[in-house]
Amino acid sequence: MSESGKEFSMAKAYDPASIEQETYRRWESAGAFTAHRREGKKPFTIVMPPPNVTGQLHMGHAMDCVLQDSLVRFHRMKGDPTLWLPGTDHASIATEVKVVDQMREEGLTKEDVGREGFLKRAWAWKEEYGGRITRQLRRLGASCDWSRERFTMDEGCSAAVREVFCRLYEKKQIYRGARLVNWCTCCGTSISDAEVEYTEQKGHFWHLLYPVKETGEMLELATTRPETMLGDTAVAVNPEDERYAHLHGCHVILPLVGREIPIVCDEHADKSKGTGVVKITPAHDPNDYEVGQRHNLEVIRVFTYDGHMTGAEEKAENDALFASGKAAVGEARVMDTGKYAHLTTEACRREIVKDLEAGGYLKAVEDLSHEVGTCYRCHTNIEPMISIQWFVRMAPLAEPAIEAVRRGETRFVPERFTKTYLNWMENIRDWCISRHLWWGHRIPAWYCADCGATTVSREDVCTCGQCGSKNVTQDEDVLDTWFSSALWPFSTLGWPEETEDLKYFYPTNTLVTGYDIIFFWVARMIFSGIEQMGKPPFDTVVIHGLVRDALGRKMSKSLGNGIDPLEVIKQYGADALRFSLVLGISPGNDTRFSKEKVEMARNFANKIWNASRFVLMNVDKREPQMDRNALRLEDRWILTRYNEAVRQVTENFDKADYGLAAQKIYDFAWSEFCDWYIEMSKSALLGEDAKRRENTQAVLLTVLSGLLKLLHPFMPFVTEEVYSYLPGKQEESCMLSAWPKAEAALDFPEDCARMEGVMEMVRAIRNLRAGMNVQAGHRARLMVRPSSGWGEVLTAQEATFQRLAAVSTLSLLGEEEKPEGKTVSAVSGAGEFFIPLGELVDLEAEKKRLSKEKERLEGEIRRGEGKLGNPGFLGKAPAQLVESEKAKLETNRQMLTALEKQIADLCQ
RNA sequence: GGGAUUAUAGCUCAGUUGGCUAGAGCGCCACGUUGACAUCGUGGAGGUCAUAGGUUCGAGCCCUACUAAUCCCACCA
């Protein structure tokens with residue numbers, strides 16, 4: 001315990017820039033963030049959603065980080081062994097795109113440098129930018145355990161990825177096969193269903209005519225993608241559709257191609273939509289693919305994977321594959337599209353439409369606007385394509401993940417997101433996990449060129465597991481980034497090794513993240529945790545909203561409306577940014593970022609700074625002792641209010657209602673501690689009574705130090721700095737101090753009510769003075785005719801009236817005693833009062849003011865009488881409420897009587 | 001088509017299990033440098049809590065309907 005804090009020298013205004021970075025360095029070098037296992041004590045663990053390794057901190061990160069940091073600091077102060085595990089994500093596509101861009105500036109392509117060369121560059125990129133975002137998190141004050149920092153592609157995480165892949169493969173929950181996938185021609189890879197973003201686009205319905213071979217009639221159908229018609233292998237009608245009953249078993253001749261394709265009966269064709277006839281292109285449409293499966297249709301691919309039409313070369317290659325017998329089950333045949341070959345799909349569309357029209361096959365063109373799938377990374381339209389990919393079979397994984405959440409083993413806050421999660425999980429399709437990229441975890445599968453067998457292995461493979469041939473090559477592709485992030489809660493703790501950390505910290509407690517990645521990440525962590533660890537990875541998922549700009553728009557690069565958190569920190573300080581991101585938010589809802597809000601938070605930090613400065617200026621260096629038996633009314637009041645603040649803030653933290661917790665601290669600090677208690681304390685501090693002075697100092701210190709602790713999770717820097725100056729404290733660091741507890745022995749509800757009565761009268765006097773335009777410097781006598789029981793209370797608070805209501809002296813009037821001279825008057829619960837204001841008194845204005853007040857009181861009384869005259873209320877409302885209504889009514893009636901008398905006196 | 005959210009002061013938003021005479025910040029008006037703070041203080045104006053029903057002694061809060069905005073999921077031949 002120290003005799004006093006640092007040498008007292010606080011600037012008049014708080015300057016965050018001068019202390020933040022130094023404070024953070026002190027914490028970090030002292031190991032304050034490092035988690036320690038303490039057997040027998042339940043830990044509190046959070047894994048940080050890993051930001052992209054080459055990313056930059058944006059407001060979304062900032063909010064996510066601030067919420068986690070606040071929660072983590074709260075738990076650390078509560079004494080839980082607390083671990084906040086940080087790390088970064090390799091972000092397969094995003095990073096690869098950046099490296100490719102960088103190479104393009106040098107005139108190089110991936111092919112030019114080769115896989116090895118490319119990966120070298122990617123790692124170099126990671127080394128160069130990888131530390132940037134973690135440095136930025138430090139600027140925010142993130143108290144995560146950097147000694148345990150992880151990266152999704154570090155050795156341990158990579159081992160975990162491989163282990164999971166092999167286990168799932170061995171359980172036949174990972175398989176490779178030809179399926180229809182979402183293909184991004186720009187990124188050159190498949191993407192999962194979750195990665196497809198639908199956007200509204202203008203397009204057309206082209207109404208086409210396909211001639212029926214057997215009858216010669218023209219069958220009308222519509223399409224939004226006419227270029228796919230080259231790959232049509234059937235036309236479907238609904239079996240119930242009488243219009244086409246006569247065509248069952250017939251064929252159409254595909255225009256432009258001349259291919260004869262069957263008319264099939266399938267439920268997919270909807271009688272009520274369009275003409276009820278659908279063209280079927282199994283290689284390029286998900287629904288058509290399924291129809292094709294049901295009817296064993298040929299699958300003909302007409303697009304290349306880079307978005308062009310297939311030609312003779314592709315067909316030859318494909319033919320050779322089939323000829324060699326190595327084509328995978330379900331692999332598509334490729335068509336030489338002849339005159340359309342090598343055109344982009346868009347160019348081909350124009351050509352096809354032109355040709356169809358020329359051939360008389362185009363009946364009509366209709367405008368339409370429809371939802372088109374785009375890549376969530378580059379927003380290129382995705383092309384559904386038949387392709388051989390790796391998949392995770394989801395049904396067996398989803399089931400326990402659904403159950404765990406249903407049983408409440410994992411709880412979403414706010415609760416409504418449970419539904420979002422369940423709905424997605426219940427309708428989930430197999431997860432396409434292979435990506436045609438180089439940056440990422442390479443798929444641990446080797447193919448034998450001799451026997452065609454696939455070997456999946458934890459170790460790199462040189463010989464075929466089937467035939468022993470050395471002629472094996474590893475799969476070229478890597479895994480979806482989210483495959484490794486799905487393992488984050490346990491891979492980061494050392495899994496598959498049985499580490500001490502893993503045993504102690506898994507399962508983690510709370511996951512804090514935005515609702516935008518529930519599907520990508522949260523859901524996948526849940527089923528992965530259950531599958532690999534047997535337990536869901538966390539008990540609570542706290543979902544927060546997005547940070548939008550001042551106009552409510554999403555912050556985005558393309559709009560250029562993003563605000564750099566680092567700039568805000570430079571200008572206002574990290575505490576101000578942090579507080580502005582927390583105050584006023586409500587769980588799961590979006591929030592708008594505004595400069596005004598940051599200014600408000602900055603002002604609050606300054607207020608705290610100055611309140612502390614005041615306390616420190618007025619507290620002797622030695623440790624003041626609090627004599628609990630000598631506490632005055634105002635002391636008891638602030639201690640009671642402080643207890644209440646402690647209770648509410650703690651409760652709101654536990655409920656993940658951070659916005660309310662912050663609000664409570666703000667209100668308590670500013671509107672109660674500063675506005676009232678500090679002001680009232682001045683009389684005692686400047687007074688002669690040494691004992692009273694010491695007691696006041698003790699109360700000031702107690703409340704201030706508790707307030708700093710309550711605020712610390714949100715504003716770690718200013719609180720730590722100020723705390724360091726406090727004399728006589730138990731703990732050196734605010735960050736490592738104990739979270740405040742409400743002390744029931746210091747609850748004084750009756751005194752609180754008395755103090756509120758005094759405060760009410762102070763407000764009434766101020767109000768009256770302002771209404772009369774009294775000079776601020778003019779001190780006036782106060783004469784009070786107290787309500788019963790209030791005389792002593794008011795007399796004892798004379799100093800409060802003097803200091804806060806510009807009263808010179810306070811005197812009590814007897815029941816029938818009239819104030820001398822010309823006075824203005826008003827009533828409050830504690831009594832009626834009079835202030836001689838001589839020539840300032842304007843009779844007419846006074847009458848007006850008093851009757852306005854009278855009207856208000858009468859309204860109140862009517863309301864109270866209505867309530868209390870209602871037998872239902874008396875019978876059913878809680879007794880306590882009835883009592884307080886009665887008391888209120890009684891007070892109001894007394895006040896009204898007094899007021900009426902005052903008005904009558906005025907009229908004399 | 002299914003689901004969700006939001007609607008409260010000029011603006012941005014709080015309002016926890018119904019007890020409210022509906023709050024805050026910013027903005028606005030008036031006054032003010034009283035030794036923590038002008039990044040401040042005091043006072044004021046400003047709201048039929050989107051609308052219509054209902055439940056209840058009592059509804060901003062619960063229920064039903066409706067309107068508007070936003071989002072998510074699915075589908076769109």
Side-chain angles (χ1 to χ4, degrees), chain A residues 10 12-14 198 205 208 221-225 235-236 268-270 273-281 285 287-288 368 370-371 414 416-417 419-420 423-424 427 515-516 518-519 545-546 550 552 572 576 583-586 588-592 594-597 599-618 648 651-652 655 657 659-660 663 666-667 670-671 674-675 678-679 682 686 763 766-771 773-777 779 803-806 856 859-860 863-864 866-867 870-878 880-882 884-885 888:
Chain A
M10 292 174 73
K12 198 169 170 185
Y14 173 54
Y198 289 87
F205 256 144
L208 311 182
L221 49 80
T223 179
T224 54
R225 299 198 301 152
V235 162
H268 170 60
D270 186 336
K273 281 187 186 166
T275 56
V277 185
V278 198
K279 64 194 261 321
I280 301 297
T281 322
D285 180 280
N287 289 311
D288 294 4
L368 110 148
H370 58 158
E371 297 274 304
R416 67 182 130 97
F417 290 104
K419 214 166 173 177
T420 312
N423 187 48
W424 188 76
N427 296 297
Y515 57 72
D516 50 338
I518 292 178
F519 305 140
L546 309 178
Y572 298 97
L583 189 72
I585 61 165
S586 71
N589 289 343
D590 292 353
T591 177
R592 295 186 195 202
S594 72
K595 212 179 128 185
E596 288 73 25
K597 216 165 153 188
E599 278 171 6
M600 177 273 289
R602 186 264 324 258
N603 295 353
F604 182 52
N606 189 58
K607 188 76 179 174
I608 292 294
W609 176 264
N610 274 294
S612 308
R613 205 157 74 94
F614 171 83
V615 172
L616 290 164
M617 280 167 69
N618 286 287
Q648 284 192 29
E651 189 186 323
N652 283 317
K655 285 198 304 200
D657 224 331
L660 286 184
Q663 184 72 52
Y666 184 91
D667 289 341
W670 204 310
S671 313
C674 292
D675 287 354
I678 284 189
E679 291 307 320
K682 286 174 183 171
L686 300 172
R763 282 193 205 99
R766 285 168 170 174
N767 181 317
L768 196 154
R769 289 175 58 104
N773 279 324
V774 181
Q775 289 285 311
R779 297 196 157 269
R803 193 160 284 278
L804 278 79
R856 192 191 66 84
E860 275 306 297
R863 194 191 58 83
K867 263 193 172 175
N870 182 337
F873 178 74
L874 293 175
K876 295 187 181 175
Q880 212 184 353
L881 191 70
V882 177
S884 79
E885 276 300 330
K888 216 189 289 178

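A, B, ... follow the sequence lines: proteins, then strands. Residue 1 opens every chain.
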By nearest atom, which of the nucleotides [options] is closest to the [X] side chain?
X	options	result
A:L660	B:G3, B:U16, B:C57	B:U16
A:K12	B:C76, B:A38, B:U5	B:A38
A:A776	B:C76, B:C37, B:G32	B:G32

Paired nucleotide for B:G10 [Watson-Crick or G-U wobble; both distances under 3.5 Å]: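 Partner of B:G10: B:C26.
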If pairing requires Watson-Crick or G-U wobble contacts with both distances under 3.5 Å, which nucleotide is the partner of B:G60?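 Answer to the pairing question: none, since B:G60 forms no Watson-Crick or G-U pair.
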I'd like to know if A:R856 pairs up with A:E860 as an ion pair, taking the criterion as any Lys NZ or Arg NE/NH1/NH2 lying under 4.0 Å from an Asp or Glu carboxylate oxygen.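 No, no charged N to carboxylate O under 4.0 Å.
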Counting only side-chain N and O atoms of [X], is one of them less than 4.0 Å from OP1 or OP2 of [N]?
X	N	value
A:N610	B:U39	no
A:R592	B:C13	yes
A:K273	B:C75	no
A:W670	B:G41	yes
A:N767	B:G44	yes
A:N603	B:C40	yes
A:R766	B:G43	yes
A:S594	B:U12	no

Return the orientation label for the A:W609 and A:Y14 ring planes: parallel under 30°, perpendicular over 60°, tilted otherwise.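 The arrangement is tilted - the two ring planes meet at 30° to 60°.
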For the residue pair A:R803 and A:L686, what are the closest heavy atoms and their distance?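 In this case the closest contact between A:R803 and A:L686 is NH2-CD1, 3.9 Å.
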Considering non-hydrogen atoms only, spot the tightest contact between A:L804 and A:D675 and give its length.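 Scanning both residues completely, I find the closest heavy atoms to be CD2-O, 4.3 Å.
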Mind checking if A:E679 touches a base, just sugar-phosphate, or nothing, with heavy atoms under 4.0 Å?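 Base, at least one base heavy atom under 4.0 Å.
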Using a heavy-atom cut-off of 4.0 Å across all strands, would you classify A:P878 as base, sugar-phosphate, or nothing?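 Base contact - A:P878 has a heavy atom under 4.0 Å of at least one base atom.
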Nearest-Å distance once atom [atom1] is located in both [N] and [M]:
N	M	atom1	answer
B:G10	B:U16	P	22 Å
B:A14	B:C49	C1'	13 Å
B:C63	B:U56	P	16 Å
B:A7	B:U17	C1'	24 Å
B:C26	B:U33	C1'	23 Å
B:C66	B:A30	C1'	45 Å
B:G58	B:U21	P	14 Å
B:C37	B:A59	C1'	42 Å

Select from A:R863 and A:Y515 the residue whose nearest nucleotide in RNA chain B is closer to the 5' end of that strand.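 Nearest nucleotide further toward 5': that of A:R863.
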5'-most by nearest nucleotide on RNA chain B - A:K876 or A:R602: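 The residue mapped nearer the 5' terminus is A:R602.
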Could one point to a donor on the side chain of A:K607 or the base of B:C37 with an acceptor on the other under 3.5 Å away?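 Such a pair is found, so the answer is yes.
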Flag for A:N603-A:Y572: side-chain donor and acceptor within less than 3.5 Å: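 Short answer, no.
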Any chance the side chains of A:N652 and A:Q648 put a donor and an acceptor closer than 3.5 Å?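 There is no such pair between these side chains.
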For the pair made of CZ in A:F873 and P in B:A59, what is the distance, rounded to whole Å?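 After rounding, the reported distance stands at 12 Å.
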Close side-chain approach of A:M600 and A:Y666, heavy atoms under 4.5 Å: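 The answer is yes, as the side chains (C-beta and beyond) meet within the 4.5 Å cut-off.
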